[in-house]
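Quick notes on the structure that follows.
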Amino acid sequence: MKLQFTGTGTFGTKNRALTSFLINDEMLLDAGNGTVRGLQNSGAELAKIKYLVITHFHLDHWPDALLLIMKRYVGRIGGSLTIVSPVGFEKIITDTLTTYMSDVGSAEELLGDTKFIELTDDEIVIDSYKIVARTVLHGDCTPVSGYEIAVGDARLGFSGDSTKCSGL
């Protein structure tokens with residue numbers, strides 16, 4: 001499993017993208033502010049990203065998902081994009097695109113072949129990836145998921161921001 005740190009910053013960081021990781025050049029974990037810029041600066045190809053995994057809905061974890069969707073639409077790059085998230089993310093993305101990007105196209109047009117898989121304490125297999133979602137705690141924020149991602153014998157745990165809890 002190839003793991004690239006595409007962002008290591010937190011709120012208030014001046015010179016770094018917010019925390020995000022890229023697995024095997026095709027699976028992006030979280031997409032806070034600066035993620036797309038960080039990917040481009042590192043030479044990563046946005047067209048290769050097939051999967052986006054979102055831990056929760058705080059603004060330091062997902063807004064660049066919109067930028068990724070728009071860059072894919074405007075540049076006509078990449079095939080389908082599968083977004084794995086806690087329940088509610090498809091509505092957030094669709095409502096945001098409908099409200100603020102309707103002059104460019106409908107949410108359906110902008111999303112193209114984007115698929116949403118909303119998981120709570122469940123698992124899926126997508127291509128060679130097994131993704132296990134577990135509920136974790138992050139203050140009063142809900143829903144929040146931590147994930148175990150397995151490719152062959154390699155496994156990675158990722159929880160975004162969470163406190164010690166049984167889901168870890």
Side-chain angles (χ1 to χ4, degrees), residues 6-7 9-11 17-24 26-39 44 46-74 77-102 104-127 129-150 156-163 165 167-168:
T6 57
T10 61
F11 275 128
L18 297 178
T19 304
S20 62
F21 303 93
L22 186 63
I23 298 174
N24 297 337
E26 65 181 8
M27 180 179 285
L28 186 61
L29 306 180
D30 275 347
N33 187 39
T35 298
V36 170
R37 182 183 64 244
L39 288 165
L46 299 181
K48 287 186 177 181
I49 297 174
K50 296 180 188 178
Y51 316 102
L52 172 59
V53 180
I54 300 294
T55 56
H56 63 288
F57 309 146
H58 279 161
L59 292 177
D60 56 333
H61 290 267
W62 70 267
D64 265 22
L66 293 164
L67 186 55
L68 179 62
I69 289 165
M70 292 305 300
K71 282 194 161 285
R72 293 169 66 92
Y73 174 78
V74 171
I77 60 170
S80 66
L81 177 65
T82 299
I83 300 176
V84 177
S85 69
V87 173
F89 195 60
E90 181 174 7
K91 180 173 176 22
I92 290 170
I93 292 294
T94 302
D95 287 354
T96 303
L97 291 173
T98 298
T99 302
Y100 300 106
M101 299 305 295
S102 61
V104 176
S106 69
E108 184 177 274
E109 291 171 318
L110 299 173
L111 288 168
D113 291 336
T114 302
K115 298 173 187 78
F116 291 86
I117 300 172
E118 297 181 332
L119 295 178
T120 301
D121 295 320
D122 202 355
E123 63 184 61
I124 57 166
V125 175
I126 304 173
D127 294 333
Y129 297 95
K130 178 180 178 183
I131 302 172
V132 179
R134 294 187 177 97
T135 298
V136 295
L137 299 175
H138 179 35
D140 293 334
C141 178
T142 56
V144 182
S145 290
Y147 298 95
E148 177 184 331
I149 298 170
L156 171 74
F158 180 68
S159 66
D161 309 320
S162 69
T163 58
C165 62
L168 289 176

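All figures in this text were calculated on a predicted structure; none of them were measured in a lab.
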Which residues share a ring pair (Phe, Tyr, Trp, His ring centres under 6.0 Å) with [X], sequence neighbours left out:
X	result
H56	H58, H61, H138
F116	none
Y73	none

Q. So, for P86 and F57, which heavy atoms are closest and what is the spacing to 0.1 Å?
A. O-CZ, 3.6 Å
Taking distance alone, no hydrogens or angles, what donor-acceptor pairs closer than 3.5 Å link side-chain atoms of residues 78-85 to residues at least two apart or in another chain?
none

Q) How would you list, by chain and number, every residue that makes a side chain to side chain contact (heavy atoms under 4.5 Å, CB included) with L137, sequence neighbours excluded? A) T163, C165
Q.
Suppose we screen for side chain to side chain contact (heavy atoms under 4.5 Å, CB included). Which residues come up paired with T120, at least two apart in sequence or across chains?
A. V87, T135
Q: Would you list the pairs meeting salt bridge (charged side-chain N to carboxylate O under 4.0 Å, His left out) in which at least one residue belongs to residues 106-121, sequence neighbours left out?
A: none
Q: Could you list all the salt bridge (charged side-chain N to carboxylate O under 4.0 Å, His left out) pairs where at least one residue sits in residues 78-92, not counting sequence neighbours?
A: K91-D95
Q: Check for a donor-acceptor pair, side chain of Y147 on one end and backbone N or O of I54 on the other, with a separation under 3.5 Å.
A: yes
Q | Side-chain donor/acceptor of D30 to backbone N/O of T55, under 3.5 Å | A | yes
Tell me every residue that passes salt bridge (Lys or Arg N to Asp or Glu O under 4.0 Å) with [X], counting only those two or more places apart in sequence or in another chain.
X	result
K130	E123
D127	none
R134	E148
E26	K50

Q: Compare all side-chain heavy atoms of L66 with those of L97 and state whether any distance is below 4.5 angstrom.
A: yes
